[in-house]
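A quick note: this is a predicted structure, and the numbers were derived from the prediction, not measured. Values below: every heavy atom of this structure, side chains too, minus hydrogens, waters and symmetry copies. By convention in this document, chain letters (A, B, ...) are assigned in the order of the sequence lines, proteins followed by strands, and residues within each chain are numbered from 1.
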Amino acid sequence: MSAPSLVATELRARIRPGELRVANVSKSYGDAQLRTDVVKDCSFTLERSKLTVMIGPSGCGKSTLIRLLAGFEKPDSGTITLNDAPVSGPARERLVLFQESALFPWMSTWDNILYGPRARGEMNREARGMAEFLLNKVGLKDFRKKYPMQLSGGMQRRAELARAMINNPAVMILDEPFRGLDAMTKELMWEYYSRLFEETRRTNFFVTTDIDEAIFLADRLLIMSNIPCHVRAVLEIDLPRPRTLIAMVENDRANEIKMQALSLLHEEAMKSFSRGSKAAADFVEAYSKRVTRA
Amino acid sequence: MNAAALQMATKGAIRIQNVDKIYDPAGAAVQAVSDCTLDIRAGEICMIVGPSGCGKTTLLNAIAGFHDISGGAIYLDGEMLCGPDRPKAEPGPDRVVVFQNGALFPWKTNLENVAFGPVMQGKLSWSAAAEKARGMMADAGLTGVEHNYPGEISSGMRRRVEIVRALMNDPKVLLLDEPFRALDSLTKSVMHEALLEIYYRNKVTIFFITHDLEEAIFLGHRVAIMTTRPCRPKKILEVDIPHPRNYSVLTSPRFRALMEETVSAVHEEAVKAFEAGEKEM
Amino acid sequence: MSAVAETLVRRPPKRGESFFKNQVVRAIISIAVFIAFWELASRLNWPWVGQAPAPSKVLDAWLPLLNDQGYWYSWYQSSRRVLSGFIAAMIIGIPLGLAMATSRVFHDITFPVFEILRPVPPLAWVPAAIIFWPTQELSIGFVIFLGAIYTIVLNVVGGARSIDVRYFQAARSMGSSSWDIFRRIILPGVLPSIIVGCEVGIGITWNVVVAAEMISGGGGAIQSSAGGGLGFFIWNSYIGFSYPLIVVGMISIGIAGWISSAVIRRLGLLVTPWLRVR
Amino acid sequence: MYRLGRWLTSPTPYLMLLGFALFFGAWYLLSEVFKVWRFASLPGPHQVLVEWFNPNPVYGMSLYTPQYYMHVWMSVRRVLYAFVISTALGVPFGLFLGWSRNFRDFTFPVFEMLRPIPVLAWVPLAIVMFKGDESPVIFLTTLASFYATALNTMLGVRSIDEAYPRAAACLGASKWQVFRHIIIPGALPFIFTGLQISVGVAWFSLVAAEMVSGEYGLGYLINASYVNVQYPVIIIGMISVGIVGYASSALVRLAGDYLMQWRVRELALGGGR
């Protein structure tokens, strides 16, 4: 088994961060009179080696966009290209981490991590060395034989990250992965995940409804309109890395960006509020109280 | 709510004295709470913060009377709830619990839920209780959903109905077990505002368990930081920001200083739990 | 740590007064009371329950049977029929259920026919089975097969449907071929439901085998006495007016049924270790 | 209406018809046209339908003859009796099984000891215990339904989230008020699952019981028409049992939806919580 450091440099050398471009993509569901446009000519670019975060009110079509990027569904119009090659179906280049864990409950952590190589018939000593390295990296060394049910929420997420990284995807897509965790574990995962990103510099696309999470993690912040969703604004987050919780709390620039993003989100929520969506109603009420008092 | 107003509120003082709790599932004795002593003043919002699975909920269940304690005693306004000779307290409308995943009865309409307490205790007739319930629901901004079922309204509104249901019994203490955990962060801020408004109107003591430090400091008069399992108070933080509070507090320097102090205090405990892979109890 | 030691002492002693709270003791008491009541009722010849032979008589009738060849032969006959019908139902039912779950078109064609046949109780098929199948054994086997097939297919289809779509998406993204997905996602995902289906199915087959054997012994549709088996044993005892043997037969089938369910549950836990470690 | 429209445009109904056509077509060809192997002795669908809808049927049993309805009514009546008795006994018994540990500890062992005994093994004993031919059949059908109802009601009570009775206790409800306002409504969804199973099991046992010892009823009809070599009537009997069985469980489902409005509206909203 090659020494861990060797594997680390070898792993990092093989990373090919991809650039994913979305050009006026639209997608709608239902037929004839009940047709609802979920995504309407939406364009943005996931720049290479950047952590792009997408934030928008809940129910605005973010998950649909994720399914389009991952290749589970086809857009009605517009194109999605990865390094200028059109995206056809699900593939190892674009791997998704879902909101609820998708670890296979009937496989041990070790078998889960090695699922990709084994499925593609690339099961060899090198893949096992890689899995060993990643298992230590995510701190689950002595949980190798455990089933997902025996791991805590935070540990399941880390195991899933390892399962994705072993396939060396060009783009990592995460759909509100830390939503189910309690506030404390969530903040620890923010720190852990951004350190992991800084080490691998792989292109990451992170979707959330939590403004603090978005600002803590993002290089670029896409603020989405309400349904049908398209990019409303792009904010560059020029905060220094590596980022820590304590540093973020008293960083003025961070609070400034937070207020800017909130006002954009508020406008979007007002539109859908007039159209009577439950989630938006809660958001508008919360926001109006916060802004009027601040 | 300055200090004078606090004295004015006479009921709802909880005294927790060297309480221990030992579970013994299949013989493996697990110590959830060890020698925990904590005094909660009448009419105060006391936040209980600590890593997941450290026994906070066990403490709440003991006060509410859902299960017994293995040692020590708990008093409410001087009167013993549970102690050496009576290990299990009697659940009652003076200490109402709001549960983490909600416990509105899905088969009763919101109005029937809110009016449930007084009607069950025979204090009010159905029509009188319904009248009072409509009034209290209006105050909490819940007009129009009285005849819906809990399954038909948003999670934020469900939370408010549950709190109003608790307050219908004018309890001495509200026991909240991470009530806003399942909400996304912006709905959470709605609930903070709503809870404070209700608190200012009803002067009830609040025993609030949470993981969210910002929530703890923003709402609490005092924040008790608990150790990992077995839980006992490690540090008590006085939040000397005057009430009534609003969101401008979040950016004030005093708030940030308190936040920093709490984060570092809790951090060691959380990392210990994170490393040990504590599965949530 | 003295606090902990001190509290341990004060905890109520385990043995002492909680003896009667212990579940096993209470179970023994309740069964003993039931048997005593049955004995009393039968002795005093009360209506209904009293008419059934007293447990003491049943025991007396049972003991000599234990080394009687014929008695164990009927166990063998019934179990052979149950197993053959049940295994046939598994061999055909599981693939049928999986095919229905995986291919939409196959489901839309076969499931409606399956649904209109399901309300017809398996035993209503006995006469038709006798007409159709050449031998006695095949007819009973077919009816037992019918008894189990519905539960197995429904559980397989339900189980496959309940597998979270995220697992398929994750597997496909990591480069799994559809055969790979079938083998490593669908099969393990459906396994717990298959086991539930088998447990319920085997219970029904015992019900069916008893009736089929009784009908064969009872001068009903199935004439010849090729019956044998516990159902026939019970019916024979009834015709021979040896009522205690009826109860012996009933309890024997109860035990046989209980053993087969327990075996399937044990096999199930063996095959699904991830459920065991809850 | 919208869902019906969408259903008609999608391929499902046509595939369903194809499925039926294949099944009945094969049966018809094998039995009546080519008379293949053993199928020859079985009456074909055409023969059965002709007999069933024939004003004066060859074997005296069709939709127009009173005896047919008499058999159907006898079976339905027995299932009705069994269903009412098993529900009246099974639901309360199941509620107490789930609700009080003491009651469960003393009664559940006997219940579990008797459950593995196949219901149809009780036939001879039932005849011995209950003189006459009507009561043994009803006893058997009731016993079958009773197991299903009691067990599912107990599961229903056990499935209630622990927070609900605790919340009610906090709000000052007494033990009996918790039982009435929380345990019963909370267990209702499982109770109705149990009732649906119990109707199915009732028909399952009734037919067998009637075949062995009944005087009238569809089970008896099916068996007797075999003995008297009136084969088409066997199939008519089977189809009738199927239809009546399906109708009775559909009725139970409707009653369930009516009684549990809150679930219907919550499911319509896509799961509520």
Side-chain angles (χ1 to χ4, degrees), chain B residues 57 60-61 63-67 88-110 112-124 129 147-155 158-159 162 165-171 173-175 177 179 182, chain D residues 91 94-95 98-102 152-153 155-195 255-273:
Chain B
T57 308
L60 180 134
N61 285 343
I63 300 172
F66 296 151
H67 56 59
K88 182 171 175 306
E90 253 319 298
D94 52 354
R95 288 153 289 126
V96 186
V97 174
V98 175
F99 293 83
Q100 187 176 118
N101 305 325
L104 284 181
F105 309 132
W107 46 83
K108 288 183 181 295
T109 62
N110 293 326
E112 286 162 355
N113 261 292
V114 172
F116 184 79
V119 169
M120 281 301 122
Q121 296 153 44
K123 282 205 182 103
L124 294 171
H147 299 297
N148 295 92
Y149 286 101
E152 295 172 279
I153 56 176
S154 78
S155 47
R158 262 201 300 275
R159 282 283 96 139
E162 196 164 351
R165 177 177 77 172
L167 292 171
M168 268 290 280
N169 308 280
D170 339 311
V173 181
L174 263 185
L175 300 167
D177 184 0
Chain D
V91 171
L95 285 171
W99 172 241
S100 117
R101 220 172 78 75
N102 298 336
N152 275 284
T153 308
L155 290 180
V157 174
R158 306 286 294 272
S159 73
I160 296 174
D161 181 342
E162 188 191 34
Y164 291 133
R166 281 183 166 177
C170 276
L171 297 169
S174 70
K175 236 163 107 57
W176 287 107
Q177 286 172 323
V178 171
F179 188 74
R180 194 180 120 19
H181 290 283
I182 310 299
I183 301 302
I184 293 178
L188 222 48
F190 272 79
I191 290 177
F192 268 93
T193 321
L195 292 182
D257 289 347
Y258 172 72
L259 272 175
M260 293 188 282
Q261 274 309 321
W262 59 277
R263 252 174 90 78
V264 173
R265 278 154 72 177
E266 186 172 292
L267 293 180
L269 272 158
R273 191 180 305 274

Inset, instruction - With a 4.5 Å cut-off on heavy-atom pairs, point out which of B:P93, B:P118, B:G122, B:P171 contacts chain D the most. - result: B:P93
Legend entry - Close side-chain approach of D:C170 and B:F66, heavy atoms under 4.5 Å: yes
Legend entry - Which of B:K108, B:R95, B:E90 touches chain D most, by non-hydrogen pairs under 4.5 Å: B:K108
Inset, instruction - Taking the side chain as every heavy atom from C-beta outward, state whether B:M168 and D:L171 have any atom pair closer than 4.5 Å. - result: no
Inset, instruction - To the nearest 0.5 angstrom, please state how far the CZ atom of B:F116 sits from the CD1 atom of D:I182. - result: 4.5 Å
Inset, instruction - Could you tell me whether the side chain of B:W107 and the main chain of D:H181 form a donor-acceptor pair under 3.5 Å? - result: yes
Inset, instruction - Output the distance between atom CG (B:L104) and atom OH (D:Y164), rounded to the nearest 0.5 Å. - result: 8.0 Å
Legend entry - Portion of B:K123 that has a non-hydrogen atom of chain D nearer than 4.5 angstrom: neither
Legend entry - B:F105 side, atom CZ; D:I160 side, atom CD1 - distance, nearest 0.5 Å: 10.5 Å
Inset, instruction - Could you pull out the closest heavy-atom pair between B:R165 and D:A167, with the gap in Å? - result: NH2-CB, 3.7 Å
Legend entry - Nearest-0.5 Å distance, CD of residue D:Q177 to CD of residue B:Q121: 9.0 Å
Inset, instruction - Under 4.5 Å heavy-atom distance to chain D, tell me which part of B:F99 shows up: side chain, backbone, both or neither. - result: side chain
